[in-house]
Amino acid sequence: MRLPKYIEPRKLAQKNGLFDGEVLAEDIPRVMSALVSCEQMKVKLEFDIDIERRRTMTGTIDGLVHMQCQRCLEPVEVKLHVDVRLAMVWDEEKAKQLPATVEPWIVGEDPEDLHAIIEEEILLSMPVVAYHTEHCVDATTLSVGTLDDEPESRPNPFQVLETLKNTSKKPN
Ligand SMILES: [Zn+2]
């Protein structure tokens with residue numbers, strides 16, 4: 001099932017609405033512009049009213065996509081997973097009162113663009129760059145300086161110990 005573009009979130013929360021389906025590439029053009037291709041984008045969303053009487057939309061977005069590897073410039077498969085946890089608020093003022101763990105979603109009585117919200121959630125959790133996990137480019141062709149994990153300027157702890165032993169040496 002392709003998720004509808006326009007929904008009425010507050011009404012859906014009232015009747016515990018549920019979406020289990022997918023969005024197509026054309027539904028999320030801004031995400032697509034950052035990808036080489038998109039195999040699938042599965043979306044599960046549940047609308048509810050929580051114990052704090054907040055109307056919520058929670059769920060997951062799972063995508064199998066291809067991004068451009070920033071090392072070899074060939075496509076690399078990336079699994080996207082987004083946890084959605086939004087609480088509907090009427091305005092900015094109410095949004096500020098939410099605990100930090102809950103993301104505010106300013107929603108009125110008018111229909112909302114669900115595709116745009118899904119797109120926003122994906123963009124927020126998408127990796128900025130992607131690389132193949134294996135060495136896709138021969139290391140010798142790269143002109144990157146070697147990384148030194150152990151700076152040599154650090155004093156050798158054994159040397160320090162040696163100095164202590166020497167200074168505390170007592171005559172027999
Ligand atoms: Zn690569």
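In listed order, ligands and their atoms are each counted from 1.
Looking at Asp113 and Lys5, a side-chain N of the basic residue comes within less than 4.0 Å of a carboxylate O on the acidic one, giving a salt bridge. Ion pairing between Arg2 and Glu26 holds under the 4.0 Å rule for side-chain N and carboxylate O. Between Glu109 and Lys11 there is no salt bridge, since none of the side-chain N atoms of the basic residue sits less than 4.0 Å from a carboxylate O of the acidic one.
Around atom CD of Gln97, more than 12 heavy atoms belonging to other residues, nucleotides or ligands sit under 6.0 Å away.
In this structure, Arg55 fails the cation-pi test against Trp105, since its NZ or CZ atom is not both closer than 6.0 Å to the six-membered ring centre and inside 45 degrees of the ring normal.
Annotation: protein N, O or S atoms under 2.8 Å of the Zn ion (ligand 1) (waters excluded) comprise Cys69 SG, Cys72 SG, His132 ND1, Cys136 SG.
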Quick one: side chains of residues 36-45, donor-acceptor pairs under 3.5 Å with protein atoms, not counting sequence neighbours, listed by atom name and distance.
residue	atom	partner	partner atom	Å
Ser37	OG	His66	ND1	3.3
Glu39	OE2	His66	ND1	3.4

